[in-house]
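Notes for the one structure printed next.
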Amino acid sequence: RFGETRLLHPSICLDCSSALIPCLVVAVLLAMPTVVTSDLHPGVAAAIAQAGSHAAKAKVRDFTQQEEGDAAQWVSEPLHERHPDLLVHTDRPFNAEPPNYALQEMITPQGLHYRRQHTPVPVVDEASYRVSVGVAGAEPRRFSLAELKGFRERELTVTFMCTGNRRSEFNTEHDGETMGLPWKNGSISTAAWKGALLADVLQAAGIDDSLEESGFRFMTFYGLEDYRISVPLSKCLAKGGDCILAWAMNGETLPRDHGFPLRVVIPGFVGARSVKWISRILVTKDEVDGMHQVGIAYKQLAPNVKKLSDVTKDYIHALPPIDHVPVTSAVTAPEPGAQVAPGQVLAVAGYAYSGAGRAVIRVDVSLDGGNTWGQAELARAADAQGMRSGRAWAWVQWRYSAVVPQACPCPGQLDIVCKAVDDQYNQQPHGGSAIWNLRGILNTSWGRTTVHVGTPGSEISAEALSGDGTIANVGVKMSASFQCPECRQRFESDRAKQLHWKFIHDPNRHQED
């Protein structure tokens with residue numbers, strides 16, 4: 001229920017919150033090939049039935065995207081573009097985020113840039129493709145991709161961030177569940193985008209700032225899949241706005257997942273404003289109608305609003321949509337749950353970002369939950385993206401090195417936190433409760449991770465970590481050839497696997513066995 005595997009209370013099911021019996025008992029019973037529920041206590045039988053039902057329909061749902069629908073819609077998905085290390089939240093439409101190691105690179109590695117789709121990926125013929133550019137009520141001009149490539153090129157390093165980044169951290173027993181995909185800290189990525197300056201294309205279509213005097217305030221972008229949003233016209237026309245119509249990503253043809261053949265890049269704005277698969281660009285007096293602009297999708301309600309029925313539709317429509325990300329940061333190394341030793345030199349890493357072109361000027365890091373602080377070293381995407389430039393379109397990567405203390409404030413663990421400061425001295429809020437909102441957007445609270453500190457004689461060995469380095473699989477052999485059909489344990493021989501199944505999983509085994 002809460003977006004990650006954790007036991008909040010030994011008697012509360014994470015899916016249904018039922019306080020019936022310990023969840024571990026339900027899990028063990030569900031793992032058995034056959035369970036005769038008539039022989040069990042009614043509460044236990046009900047828990048098993050309910051848990052089985054949850055497992056059968058364990059799908060993440062997001063009302064802002066289309067349902068899976070007909071399988072025929074998905075036969076042309078660009079599967080080869082999708083790296084196997086992506087953490088997938090939904091397959092259809094495809095929504096996924098990179099692992100922490102990819103978030104430690106200035107340019108997100110190929111195939112690992114986060115994906116946010118609302119529909120199947122359109123199939124587009126480049127030769128016949130045209131984008132329409134015009135003003136509402138007037139005849140538009142249509143450009144081919146070849147014509148657009150005749151404009152002067154511009155390449156920019158830009159970070160896109162989904163407003164739901166770190167949404168899963170909002171989902172707590174205290175504050176409640178949010179609406180949307182359970183993103184961790186990876187719905188953010190950075191790429192070098194190349195294309196034509198949008199302002200040049202607009203000028204060629206007869207569009208300039210004189211339209212603002214006639215009441216035209218918005219530039220509305222339409223995608224081929226019917227996604228549509230509006231941004232202020234002034235941003236698109238500004239000399240320092242740096243908006244581009246991009247046909248290349250990291251020096252290669254724009255991948256289909258990221259908008260082939262053409263997407264708009266609106267630097268400094270949330271990722272949702274950089275529309276993919278552009279079909280139409282229209283100057284309008286009013287912002288476009290629709291869920292993603294005037295609806296609830298990108299709007300933040302107060303923390304006491306726990307359901308949509310608590311507010312009216314008119315109230316939601318009157319709120320402004322999110323354009324810029326407040327300053328934020330996250331810890332990307334070490335991994336949550338990693339094992340460290342007293343006296344060990346600990347390398348801590350992460351990213352920090354602020355919207356609207358504001359540059360991050362400092363990242364504070366603490367190993368004791370915020371009682372004491374040190375400052376991280378920062379690396380920028382480009383010299384031109386420095387403080388007070390107004391054009392810091394990309395994140396900074398930060399690094400911090402410290403020695404694990406012999407005596408930790410919280411015995412057995414280190415609570416690593418980070419907070420960023422931008423060039424207007426905006427800072428991150430301490431915790432998530434005060435900024436919790438039903439849509440789970442803009443979780444810009446301190447970045448956090450916890451690692452375990454081992455003392456001599458109690459450290460977890462490499463062998464105990466079973467080769468994959470996770471605490472979750474401590475004591476579980478992961479590298480042998482024969483895997484138990486009921487659990488993750490692996491064995492060197494089929495005989496060993498059979499004996500394990502007999503003594504652990506066989507429902508007909510006798511106690512004396």
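Taking CG of L254 as the reference point, atom CH2 of W277 lies at 10.0 Å (rounded to 0.5 Å). In this structure, OG1 on T328 lies 10.5 Å from OH on Y353, to the nearest 0.5 angstrom. The line from CZ of R256 to OG of S76 is 6.0 Å long, rounded to the nearest 0.5 Å.
No side-chain heavy atom of K184 sits less than 4.5 Å from a side-chain heavy atom of N165. When side chains are defined from C-beta on, W395 counts as touching L103, because their heavy atoms get closer than 4.5 Å. Residues T450 and L414 are not in side-chain contact: their nearest non-hydrogen atoms beyond the backbone lie 4.5 Å or more apart. F221 has its side chain within reach of V231: a pair of non-hydrogen atoms, C-beta onward, lies under 4.5 Å apart. Two residues are said to be in side-chain contact when any heavy atoms from C-beta on lie closer than 4.5 Å; T444 and P429 meet this criterion. For the pair S279/V131, no side-chain contact is recorded, criterion being any heavy-atom separation below 4.5 Å from C-beta on.
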Problem set entry | Verdict with supporting geometry, N443 and W183, side chain to side chain contact (heavy atoms under 4.5 Å, CB included) | CA-CA 11 Å; N443 181 4; W183 298 109; over 6 Å; no

Problem set entry | Trace of the side chain to side chain contact (heavy atoms under 4.5 Å, CB included) decision for D242 with W393 | CA-CA 9 Å; D242 287 342; W393 307 132; 2.8 Å; yes

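Using a 4.0 Å cut-off between charged side-chain N and carboxylate O, R82 and E77 make a salt bridge. Ionic pairing of K419 and D364 is present here: one or more N-O contacts between side-chain nitrogen and carboxylate oxygen are shorter than 4.0 angstrom. A salt bridge links D257 with R115; the closest basic N to acidic carboxylate O contact falls under 4.0 Å.
The two residues T332 and G350 make their nearest non-hydrogen contact at OG1-CA, 3.3 Å. Listed here is the closest heavy atom pair of R273 and P321: NH2-CB, 3.2 Å. Closest approach of A420 to S329, counting heavy atoms only: N-OG, 3.8 Å.
For the pair R380 (side chain) and V360 (backbone), a donor-acceptor distance under 3.5 Å is present. Of the possible donor and acceptor atoms, one in the side chain of N437 sits under 3.5 Å from a partner among the backbone N and O of G440. In this structure, the side chain of T108 does not engage the main chain of S189 through any donor-acceptor pair within 3.5 Å. Proximity of a side-chain donor or acceptor of K194 to a complementary backbone N or O of G251 within less than 3.5 Å is not detected.
Within 6.0 Å of OH on Y315 lie no more than 12 heavy atoms contributed by other residues, nucleotides or ligands. Heavy-atom neighbours of D383 CG from other residues, nucleotides or ligands within 6.0 Å: at or below the threshold of 12. Other residues, nucleotides and ligands contribute only 12 or fewer heavy atoms inside 6.0 Å of the CD atom of E377.
Between the side chains of T284 and D286, no donor-acceptor pair is found at a separation under 3.5 Å.
Note: W193 and H113 have perpendicular aromatic rings, judged against thresholds of 30 and 60 degrees for the angle between ring planes. Using bins of under 30°, 30° to 60° and over 60° for the plane-to-plane angle, the ring pair Y227/H292 lands in the tilted bin.
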